[in-house]
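Basis for what follows: all heavy atoms, side chains included, without hydrogens, waters or symmetry-related copies. Letters go in sequence order (proteins before strands), and every chain restarts at 1. Predicted model only: the values in this text are computed from it and were never measured.
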Amino acid sequence: MTEVIALETKTEMSIQNTKKILEKYPKDKRYTLAILQDIQRNYDYIPKEAIWEVSNYIESPLSEVYTIATFYKALSLKPKGKYVIKVCNGTACHIRGSDKVLDAIKSSLNIQPGETSEDGLFSIEIVNCVGACALAPVMVINDKYYGNMTKDKVHQVLDEIRRSQNE
Amino acid sequence: MSSQRQILVCCGTGCLANNSYEVYLKFKDLISNKEIQIKPIIKPTGCNGLCEKGPVVKILPDNISYFKVKAEDVEEIIEETIVKGKIIDRLLYFDTNTKNKITDHKNATFYKNQHKIAIRNIGEIDPSKIEDYIERDGYAALKKVLFTMKPEEVLEQVDKSNLRGRGGGGFPTGLKWKTCAKYNHYPKYVICNGDEGDPGAFMDRSIMEGDPNTVIEGMIICAYAIGANQGYLYIRDEYELARKNMQIAINSAREYGYLGKNILGRGLNFDLEIVRGGGAFVCGESSALMASIQGKVGEPRAKYIRSVERGLWDQPTILNNVETWANIPPIISYGPDWFKEIGIKNNFGTKVFSLVGKVKNTGLVEVPMGSSLRSLVFEIGGGVIKDKKFKAVQTGGPSGGCIPKEHLDISLDFDSLNEIGSMMGSGGVIVMDENTCMVEVARYYMEFLSEESCGKCTTCREGIKLMLDILTNITKGNGKEEDLDLLLGICDTVEKGSLCGLGQTAPNPVRTTIKFFRDEYLEHINNHKCPAGVCKNLTSYQINSEACIGCGICKKKCPVDAITGENKKLHVIHQDICITCGECYENCPTNAIEIGGGIFES
Ligand SMILES: Cc1cc2nc3c(=O)[nH]c(=O)nc-3n(C[C@H](O)[C@H](O)[C@H](O)COP(=O)(O)O)c2cc1C
Ligand code: FES
């Protein structure tokens with residue numbers, strides 16, 4: 001029962017917040033992507049209700065907003081973990097062993113890329129080049145860059161995050 | 001120049017990843033609490049290029065550069081170098097070519113052979129201070145243009161310089177501007193392509209983060225030349241710091257009267273807006289990028305009518321790459337003749353390359369066009385990591401090809417790279433060694449492109465997927481010799497049937513690897529062996545009995561206990577347990593581990 005209530009309040013909250021985001025922008029189709037990105041930043045994903053609201057606000061068919069929400073990789077329709085681990089698989093990282101970094105993360109968290117751990121703490125994503133190629137292989141956790149990654153460093157970083165959670 | 005000391009702390013993305021911001025804060029903190037007669041100025045700068053050895057700290061006017069500086073080193077630097085003027089040996093740059101320690105980084109082989117135009121200010125200025133840019137002749141070109149030149153003269157100068165677009169295709173910038181200027185159809189737009197999608201390239205990021213004003217200045221000059229009042233900077237989703245620094249620069253430029261209404265009192269109205277990219281590779285393509293700015297999905301369109309005539313919102317539009325923009329102010333300031341003294345015929349000026357992969361000195365370098373690939377990799381780059389065998393260089397991102405060692409002397413310019421079946425692209429140079437599998441590299445690019453194809457053209461959507469399937473099969477040991485011809489056939493179809501550059505150039509990685517590394521394909525297909533030891537199904541490891549000294553490192557490193565052997569005696573790998581992870585191969589001190597072919601239970 002508590003879970004249901006929690007979900008409901010989250011939805012209500014989302015309606016208010018989305019409104020606030022929408023108000024910042026003129027009612028113009030041009031801003032669809034920018035609005036969705038703000039929503040994404042706010043919730044870490046695009047809730048279903050938000051797509052409705054954006055569509056109403058900019059007077060664009062629902063299908064069009066949905067197309068944009070699914071076309072751009074920066075947007076996600078699924079909720080993500082508190083810590084989003086982006087493993088770079090750009091060419092520079094790929095040939096310097098990004099697969100080993102990914103394996104270490106997968107085995108430590110027991111989830112696959114695109115999934116979120118059961119405690120909601122971590123998700124893994126594979127991305128193509130984060131622009132720090134000189135330090136390959138690279139991973140990024142919530143905008144912090146980690147260069148020259150090794151298996152051991154992965155475990156160190158993840159352990160640190162887990163520890164900070166328990167404190 | 002003031003005689004006041006300056007401490008420049010590199011805060012480019014690479015150095016930030018190595019905690020350079022902590023170093024910066026520590027300097028600020030310690031210096032402010034210390035009694036020094038003349039306090040040094042401490043500045044965060046953009047990327048110095050040699051990211052591998054970051055964080056980089058430079059002390060001026062002494063010209064002392066320290067590398068791999070940690071927050072713990074800061075106190076010592078202040079006590080020894082700032083107070084006593086002594087150099088700390090430990091933090092100096094070690095030149096792998098000359099085997100010397102170097103005090104002033106400018107004398108290092110990595111920097112000495114460079115010629116900086118586009119990245120001239122990066123690492124020297126605080127990007128958030130427009131005053132720093134102005135002190136180094138920033139906005140002088142704009143003043144020259146607004147006060148002494150007619151728009152036609154600007155067009156003429158850019159055209160005469162023969163500057164070619166640095167975004168990949170190498171289209172003549174002057175011609176583009178001149179064509180756009182001819183249309184009397186207003187409003188017109190100016191766009192900066194900061195989407196930088198090629199994996200392995202990060203020069204545009206570095207410029208936007210480290211010297212945002214040069215891009216802005218270039219765009220204002222273009223606006224004046226073609227008659228535009230509004231511009232957009234389309235910046236990649238991942239580049240948060242670039243957007244931040246660019247926004248700061250736009251705001252300062254407005255305050256100084258370089259942007260906005262009646263710029264410098266000369267009647268020009270022009271302003272800029274940042275658009276955040278959505279994280280789609282194809283949006284780097286010009287027409288897709290414009291669609292994206294308009295709030296649509298980023299799908300390219302057929303270009304019967306070019307965007308100089310009808311681009312953004314169907315209005316005449318100039319789109320140039322970040323690095324192209326950064327070249328405009330110096331060309332205007334010093335003139336086309338100066339520019340044409342650098343580089344080679346039809347390819348004047350310089351190009352910024354991101355030197356990455358299996359090379360010792362990874363980072364950003366700017367060299368004259370026409371420099372040889374060999375000098376880039378072996379002089380500036382210092383050669384291959386661990387002195388392994390050089391195999392190939394990949395240029396041009398997913399649109400480019402792989403260049404083998406027989407062609408190491410190739411001149412780095414648009415035309416030579418096209419001729420060999422590769423491309424300049426945005427300037428990524430990815431060095432590959434004996435442990436990089438060329439079949440897997442081709443497979444990698446097809447995977448990349450199949451994910452990034454927008455799906456509009458059937459040949460691109462299905463053809464790339466088909467190539468990916470075939471290549472994956474080969475890497476798994478299920479390839480057939482006929483596959484090579486099949487692949488080349490699909491290459492032709494995809495090239496001819498696709499609308500935009502993504503599909504048209506997608507065959508390049510496949511074609512060049514088949515052309516230059518056919519033997520490696522055949523090893524996979526006929527002998528079930530991946531000579532690089534990358535394709536797991538086609539790899540096994542054995543220990544060479546003569547080279548093994550029985551040190552036991554491999555045994556310790558093996559994650560599945562597949563290696564046995566006594567101290568100082570020959571060790572053995574048990575193939576039934578081995579998962580071919582390669583840990584033993586990477587760590588053996590005497591290179592006693594050999595790569596063999598895949599082991600199949602027949
Ligand atoms: C699939 C694809 C991706 C591209 N990505 C980029 C990019 O990330 N950055 C860029 O400057 N140009 C990119 N381009 C090239 C642009 O279409 C355009 O030619 C270029 O930005 C023009 O600027 P320039 O003349 O200054 O080079 C891409 C082209 C294609 C076909
Ligand atoms: S390839 Fe990984 S950061 Fe560029």
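Nearest approach of A/F71 to B/C454, heavy atoms of both residues: CE1-CB, 4.1 Å. Pairing each heavy atom of A/G90 with each of B/P199, the nearest pair is CA-CB, 3.7 Å. Nearest heavy-atom pair, A/L135 versus B/A17, reported as atom, atom and distance to 0.1 Å: CD1-CB, 3.8 Å. Between B/V356 and A/A134, the shortest heavy-atom contact is CG1-N, 3.9 Å.
Counting heavy atoms from C-beta outward, A/R96 and B/T362 have side chains that approach closer than 4.5 Å. Here the side chains of B/Y445 and A/H94 are not in contact, with every heavy-atom distance at 4.5 Å or above.
For the set A/G147, A/G131, A/A92, the count of heavy-atom pairs under 4.5 angstrom toward chain B peaks at A/G131. Counting heavy-atom pairs under 4.5 Å between each of A/T32, A/T91, A/D103 and chain B puts A/T91 at the top. The choice from B/M432, B/M203, B/E452, B/E299 that makes the most heavy-atom pairs within less than 4.5 Å of chain A is B/E452. Ranked by non-hydrogen atom pairs under 4.5 Å with chain A, the options B/G279, B/G278, B/G200 are led by B/G278. Per-residue counts of heavy-atom pairs under 4.5 Å with chain A were compared for B/E451, B/E196, B/R236; the largest is that of B/R236.
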Problem - Worked verdict on A/V140 versus B/E238 for side-chain contact (heavy atoms from CB on, under 4.5 Å) - result: CA-CA 10 Å; A/V140 183; B/E238 286 87 345; over 6 Å; no

Exercise for the section: Show your working on side-chain contact (heavy atoms from CB on, under 4.5 Å) between B/F281 and A/N128 and close with a plain yes or no. Expected result: CA-CA 9 Å; B/F281 174 71; A/N128 290 320; over 6 Å; no

Exercise for the section: For side-chain contact (heavy atoms from CB on, under 4.5 Å), just list the numbers for B/E583 and A/K151, CA-CA rounded to whole Å, side-chain angles, deciding distance to a tenth of an Å, and then say yes or no. Expected result: CA-CA 11 Å; B/E583 282 288 321; A/K151 221 163 62 181; 4.3 Å; yes

Handout entry: side-chain contact (heavy atoms from CB on, under 4.5 Å) assessment of A/Y72 paired with B/S292
Key = CA-CA 10 Å; A/Y72 291 104; B/S292 183; 3.0 Å; yes

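Only the side chain of B/C283 comes within less than 4.5 Å of a heavy atom of chain A; its backbone N, CA, C and O stay farther away. Heavy atoms of B/R205 lying under 4.5 Å from chain A belong exclusively to its side chain. Both the backbone and the side chain of A/I95 come within contact range of chain B, each with at least one heavy atom under 4.5 Å from a heavy atom of that chain. Neither the backbone nor the side chain of B/V534 comes within less than 4.5 Å of any heavy atom in chain A.
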